[in-house]
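The chain is numbered in sequence order, starting from 1.
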Amino acid sequence: KSLGTYYVTATSLNVRKTASGTAGVVGTLKKGTAVKVYKKSGSWSQIEASNVKGWVSSSYLSAKKPATVATVPKSLGTYYVTATSLNVRKTASGTAGVVGTLKKGTAVKVYKKSGNWSQIEASNLKGWVSSAYLSSKKPVAAPAAPVSNAPKVVLKENSNLRKGPGTSYAVIMVEKAGAVLRKIGEKNGWVQVKNAKGTTGWVAGWLVQNSGSSSSPSPSPSPSPSPSPVPSPVGNSPLEGKVIVLDPGHGGFDSGAVGRLYREKVLNLNSAFEVGSLLQNAGAKVVYTRNKDVYLSLGQRVTISHQAKADAFVSFHYNACTGTCSGIDTFYYSYAQEGELARYIQNNLVVQTGLRNRGAHFGDYHVIRENNRPGVLVELGFISNPIEEKIVGTSAYQKKAARGIYDGLLQYFSSK
């Protein structure tokens with residue numbers, strides 16, 4: 001009959017043939033091993049455990065079960081986020097739920113790798129991220145140039161002054177076209193500037209031109225064109241030379257969704273023109289599937305994309321439902337081909353418009369399913385919702401949505 005269960009306290013405990021320290025060893029037991037004790041003789045106990053029978057020193061046995069010590073996973077090292085905004089997902093899959101996001105330069109601990117995915121922990125956030133956006137090299141902050149004797153630049157159009165060199169950074173304020181700013185730094189095609197009030201921020205390099213004079217010109221652009229040549233912009237836009245096909249959905253006898261105030265086909269065309277103007281100013285080549293109120297088949301739209309060899313294809317739509325729905329969606333068909341593009345556009349649309357974020361997700365739509373070029377389909381709000389219809393139909397909203405799509409495309413090509 002067993003006298004009870006005991007646990008080994010020694011790191012390695014010899015099991016001997018008899019109750020003697022000189023007896024032959026028949027095996028060893030690791031710390032924490034549970035043994036059955038059947039007999040005691042002096043300072044020795046006769047035990048059985050793990051198919052080993054014999055005698056051990058009783059001083060290395062305890063009736064108290066050892067506490068389980070949680071195994072701390074070993075880190076594979078510290079890595080840094082290279083994407084402007086990196087999704088952290090529940091599992092190692094591009095379709096898994098997003099549990100959070102990490103900003104560029106964030107340090108993360110990597111504990112496991114699976115294919116193209118890494119299991120990470122950072123800022124109380126745990127999950128999986130794409131390994132393609134991690135680097136073992138610590139980013140180096142670019143030193144700011146001294147303000148004294150700094151050159152001046154002039155804004156070519158109304159521009160967002162941001163906290164950092166990229167569209168993912170928050171907007172501090174909007175500076176008007178013609179504003180004269182001190183240039184104090186430059187990074188990745190963005191210019192760090194300081195305005196007359198002392199506010200420091202970043203503007204896209206292709207939105208500024210060098211000032212031709214040390215004296216400050218008028219804060220607003222001259223109504224008549226200057227006879228002198230226009231200086232070259234600082235840096236080139238990542239959009240320069242890119243072929244962007246803009247596809248205003250519906251048209252002709254196909255009105256699309258019909259609200260109380262607007263028809264979808266009209267809003268689609270207006271939005272496409274707004275985006276096209278921004279893209280052309282950045283040096284992109286814009287191709288419209290339609291530039292007037294005509295009907296095109298879905299196949300014709302895809303053919304135009306293929307013939308143009310589009311670097312990106314954007315199909316414009318406004319949504320409708322039978323209930324009360326609101327918000328913006330961006331759809332992709334192949335996550336590998338255009339998931340990143342959809343995410344960038346969706347995120348920037350929500351930032352610019354403030355409408356509800358319905359997400360970037362899979363959509364089985366002909367114009368992106370049959371398209372062999374990177375393409376997305378955007379739903380820019382619900383015209384079946386009377387409140388939202390009044391918002392999305394305004395010129396102000398159209399411009400905000402256009403800026404969101406433009407910023408998304410800019411961010412996408414900047415990451416390439």
In Å, rounded to the nearest 0.5 Å, how long is the span from [atom1] of [X] to [atom2] of [Y]?
X	Y	atom1	atom2	result
Y169	K103	OH	NZ	8.0 Å
N319	E264	CG	CD	7.5 Å
S297	H366	OG	NE2	7.5 Å

Report task. For residues 387-416, pull every pair meeting disulfide bond (SG atoms under 2.5 Å apart), keeping only residues two or more places apart or in separate chains. Result ->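 Listed once each, the pairs would be none.
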Query raised in the report: Does anything in residues 296-352 pair up under disulfide bond (SG atoms under 2.5 Å apart), and if so which pairs, sequence neighbours excluded?
Result: C321-C325
Query raised in the report: Distance only, no hydrogens: is a donor on one side chain within 3.5 Å (strictly under) of an acceptor on the other, for T5 and K36?
Result: yes
How would you list, by chain and number, every residue that makes a side chain to side chain contact (heavy atoms under 4.5 Å, CB included) with [X], sequence neighbours excluded?
X	value
K113	L76, Y79, V110, S118
A272	L246, P248, Y288, F316
Y60	T9, A10, L13, S57
Y262	L267, E389

Side chains of residues 18-28: which donor-acceptor pairs under 3.5 Å do they make with residues two or more places apart or in other chains?
| from | atom 1 | to | atom 2 | distance (Å) |
| --- | --- | --- | --- | --- |
| S20 | OG | T22 | N | 3.2 |
| S20 | OG | T22 | OG1 | 2.9 |

Just to verify, what does [X] make a salt bridge (charged side-chain N to carboxylate O under 4.0 Å, His left out) with, not counting sequence neighbours?
X	value
R356	none
E340	K416
D311	none
R301	D247

Requested in this report: Before giving the answer on side chain to side chain contact (heavy atoms under 4.5 Å, CB included), spell out for F273 and N291 the whole-Å C-alpha distance, their side-chain angles and the decisive distance to 0.1 Å.
Outcome: CA-CA 8 Å; F273 284 153; N291 57 12; 4.1 Å; yes
Are any side-chain N or O atoms of [X] and backbone N or O atoms of [Y], one a donor and one an acceptor, separated by less than 3.5 Å?
X	Y	value
R290	G249	yes
E121	K126	no
S131	N116	yes
E240	G283	no

Sequence neighbours left out, cut at 3.5 Å: what donor-acceptor pairs do the side chains of residues 345-353 make with other protein atoms?
| from | atom 1 | to | atom 2 | distance (Å) |
| --- | --- | --- | --- | --- |
| Q346 | OE1 | T330 | N | 3.1 |
| Q346 | OE1 | T330 | OG1 | 2.7 |
| Q346 | NE2 | I328 | O | 3.0 |
| Q346 | NE2 | N357 | OD1 | 2.7 |
| N347 | ND2 | R343 | O | 3.3 |
| N348 | ND2 | Y344 | O | 2.8 |
| N348 | ND2 | Q411 | OE1 | 2.8 |
| Q352 | NE2 | D407 | OD2 | 3.4 |
| T353 | OG1 | L349 | O | 2.8 |
| T353 | OG1 | L355 | N | 3.2 |

Report task. Walk me through it: do Y333 and F362 pass the test ring-ring contact (aromatic ring centres under 6.0 Å, His included)? Result -> CA-CA 5 Å; Y333 183 75; F362 170 81; 5.4 Å; yes
Query raised in the report: Angle class for the H361/F331 ring planes (parallel below 30°, perpendicular above 60°, tilted otherwise)?
Result: tilted
Query raised in the report: So do N195 and M173 actually touch side chain to side chain, heavy atoms under 4.5 Å?
Result: yes
